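Comments concern the structure below.
Computed from a prediction, not measured in an experiment: that's the story for all the values here. We count ligands from 1, going down the list as the structure has it; atoms in each ligand are counted the same way.
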Amino acid sequence: MSESREHAIVIGGSMAGLLAARVLSDHFDRVTLVERDRFPDTVASRPGLGQARHLHVFWSRGLEIAEQLFPGLEEELRVAGVPEVRIPADLLWMTPAGWRRRFDSTRLMTFSRDLLDWTVRSRLAKLGDLQVLDGHEAVDLVAENGTVTGLTIRERGTTEPGETLTADLIIDATGRSSKTPEWLEKLGYPAARRTLIDPLLGYASRTYAIPAGFDPGWKALYLQARAPGTRTGALFPQEGGRWIVSLFGVGRDFPPTDEEGFLEFAKSLRSPVLYEAIREAEPLTPILSYRRTSNVRHHYERMSRWPKRLMAMGDSLCAFNPLYGQGMSVAAKSALTLDDCLRGDGDLDGLARRFHRRVVKNAAGPWLVATGEDLRYATTEGASAGLQTRILNRYVDRVQALANIDQRVCDRLISVLSLHAQPQSLFMPDVLWRAATMRARQPIGPDELSP
Ligand SMILES: Cc1cc2nc3c(=O)[nH]c(=O)nc-3n(C[C@H](O)[C@H](O)[C@H](O)COP(=O)(O)OP(=O)(O)OC[C@H]3O[C@@H](n4cnc5c(N)ncnc54)[C@H](O)[C@@H]3O)c2cc1C
């Protein structure tokens with residue numbers, strides 16, 4: 001390798017940025033992570049990660065990759081008291097097609113997002129070649145002759161112009177508030193095409209203490225809306241003997257953040273089980289809302305001109321409606337793609353094109369899952385369901401119903417949701433045949449749901 005791989009910069013110290021920094025440390029002499037927030041010294045929230053106060057599911061493919069990059073991570077989380085939930089064996093799951101039988105298809109470690117980030121950050125801090133510049137915000141890119149050569153940063157809270165760091169590669173992992181579109185424009189590049197599909201989804205979440213002796217035969221609840229119904233609710237255990245409860249409403253049916261409204265919303269879900277669990281439970285936090293949940297794709301891979309040595313990763317490239325829990329796992333898969341691209345033939349000048357194309361391919365399945373569901377709602381902005389989507393959704397309805405009673409189909413569906421398989425695997429002959437020949441069946445009642 002003749003080109004210099006002396007210094008790489010990652011902007012943004014959330015999941016995409018942390019995993020990118022870990023991968024880059026194998027390929028560059030030095031890596032600098034620039035994060036606008038000051039990282040807390042303990043497991044605590046921070047302003048740039050507001051979504052951490054809401055339910056975060058790290059599907060198994062994502063966690064596997066994180067474990068590969070930080071061996072022993074899962075054990076550390078377990079030692080920190082993270083519970084494990086078998087899906088759906090430990091989960092009462094009201095799907096759009098009714099209750100799902102409690103097969104044992106996969107396992108989730110159900111940690112708080114703050115614990116996950118803190119654990120990953122602590123592991124990263126042990127890498128000798130990594131410098132963390134937290135409390136610093138990226139302000140501008142520096143480019144010469146079509147190549148990005150540096151980044152201007154300044155201490156948060158100051159208005160001084162700040163210092164410029166030179167680098168051989170810069171990765172933007174600043175999420176939905178990425179300045180890359182603005183920076184490209186400043187550097188004289190045409191605006192990249194953007195696709196935005198907005199289900200107008202709102203979250204409201206709160207944590208509760210799990211009541212002493214609580215043992216109803218389930219550990220978690222997931223009560224999904226059935227379109228055109230708009231309301232979903234979830235309850236999952238977390239470390240510290242807590243439940244995280246998130247309520248979700250599509251099409252501006254936002255769950256309220258006052259006590260009474262929150263409980264009323266919970267009561268209005270398709271089963272009263274979540275309401276009944278929380279109505280007497282002790283709340284540990286206020287009720288917080290979150291509404292920045294649209295699906296957004298920046299089509300950087302299609303740009304005819306792109307500044308060399310600049311890349312976008314994670315939500316800054318492609319963000320999903322978070323209801324399906326895919327963002328962190330897509331970021332993890334992108335970290336592996338980054339590693340692969342850096343190991344392969346080809347120089348840093350062509351890296352962004354190779355990387356963006358492959359990431360977009362990897363994100364196509366999760367994009368289809370999220371937007372396909374969102375397009376069931378006439379209120380979704382940015383696109384409407386064409387014939388193809390409507391036919392696809394009809395088929396998905398059948399697969400959902402079948403997965404409620406057939407373990408093999410349940411396993412396949414969950415392997416798609418957990419990013420082990422592409423949605424196309426739901427069209428393999430075995431599932432296709434079962435879905436085509438499925439007979440209408442009485443819905444399963446909750447009394448049939450013993451584990
Ligand atoms: C409500 C909600 C629930 C979600 N639930 C799930 C889930 O269950 N499962 C899942 O996999 N995903 C979920 N996601 C998505 C997940 O949070 C993201 O996909 C994941 O964090 C990866 O995002 P990211 O690292 O690209 O960006 P982000 O997480 O948005 O982080 C961007 C980082 O960049 C920093 N930053 C921003 N601007 C600058 C700047 N100029 N200079 C320096 N630093 C800057 C920010 O402070 C922040 O730390 C959810 C998202 C939301 C909103």
Nearest protein heavy atom with distance in Å, relative to atom 39 (C) of ligand 1: Thr174 CG2, 3.5 Å
Ser316 N/O under 3.5 Å from ligand 1 N/O: no
Option of least heavy-atom distance to atom 9 (N) of ligand 1 (set: Leu323, Ile11, Asp37, Val57): Val57
Gly325 neighbourhood, listing ligand 1 atoms whose heavy-atom distance to it stays under 4.0 Å: 7 (C), 8 (O), 9 (N), 10 (C), 11 (O)
Side chain Trp183, main chain Val139, donor-acceptor under 3.5 Å: yes
Min N/O separation Ala138 to ligand 1 under 3.5 Å: yes
Option of least heavy-atom distance to atom 22 (C) of ligand 1 (set: Val10, Asp315, Asn321): Asp315
Ala16 neighbourhood, listing ligand 1 atoms whose heavy-atom distance to it stays under 4.0 Å: 24 (P), 25 (O), 26 (O)
Asp168/Arg5 ion pair, N-O < 4.0 Å: no
Atom 51 (C) of ligand 1 - nearest protein heavy atom and its distance: Pro322 CB, 3.5 Å
Heavy-atom nearest neighbour of atom 2 (C) of ligand 1 within options His136, Met313, Arg53, Gln51: Gln51
Cationic N near anionic O, under 4.0 Å, Arg156 to Asp37: yes
Parallel, tilted or perpendicular: ring planes of Trp306 versus Tyr300, cut at 30 and 60 degrees: tilted
Gly314: numbered ligand 1 atoms lying under 4.0 Å from its heavy atoms: 26 (O)
Donor + acceptor pair across side chains of Ser60, His420 (<3.5 Å): yes
Value rounded to 0.5 Å, distance of CD1 in Ile244 from NE2 in His56: 10.0 Å
Donor-acceptor under 3.5 Å (Ser246 side chain, Leu55 main chain): yes
Under 3.5 Å: donor-acceptor pair, side chain of Arg36, backbone of Thr174: no
Ring geometry between Trp218 and Phe214 (parallel below 30°, tilted from 30 to 60°, perpendicular above 60°): perpendicular
For atom 5 (N) of ligand 1, closest protein heavy-atom neighbour: Leu55 O, 3.4 Å
Close-contact set for ligand 1 against Gly175 heavy atoms, below 4.0 Å: 27 (O), 30 (O), 32 (C)
Ligand 1-proximal atoms of Gln326, by part, heavy-atom distance under 4.0 Å: backbone
Close approach, Phe58 and ligand 1, non-hydrogen under 4.0 angstrom: no
Glu259 and Arg206 ion-paired at < 4.0 Å: yes
Of the listed options Arg36, Glu35, Lys179, Arg46, closest to atom 35 (C) of ligand 1 (non-hydrogen atoms): Glu35
4.0 Å heavy-atom contact, Ala173 with ligand 1: yes
Check: Met328 N/O within less than 3.5 Å of ligand 1 N/O: yes
Ion pair check, Glu301 and Arg353, cut-off under 4.0 Å: no
Among Ser14, Gly327, Ser329, closest by any non-hydrogen atom to atom 28 (P) of ligand 1: Ser14
Heavy-atom nearest neighbour of atom 20 (C) of ligand 1 within options Arg292, His56, Arg291, Arg113: Arg113
Pairing of Asp340 and Arg358 as salt bridge, 4.0 angstrom limit: yes
Sub-4.0 Å atoms of ligand 1 with respect to non-hydrogen atoms of Val34: 43 (C), 44 (N)
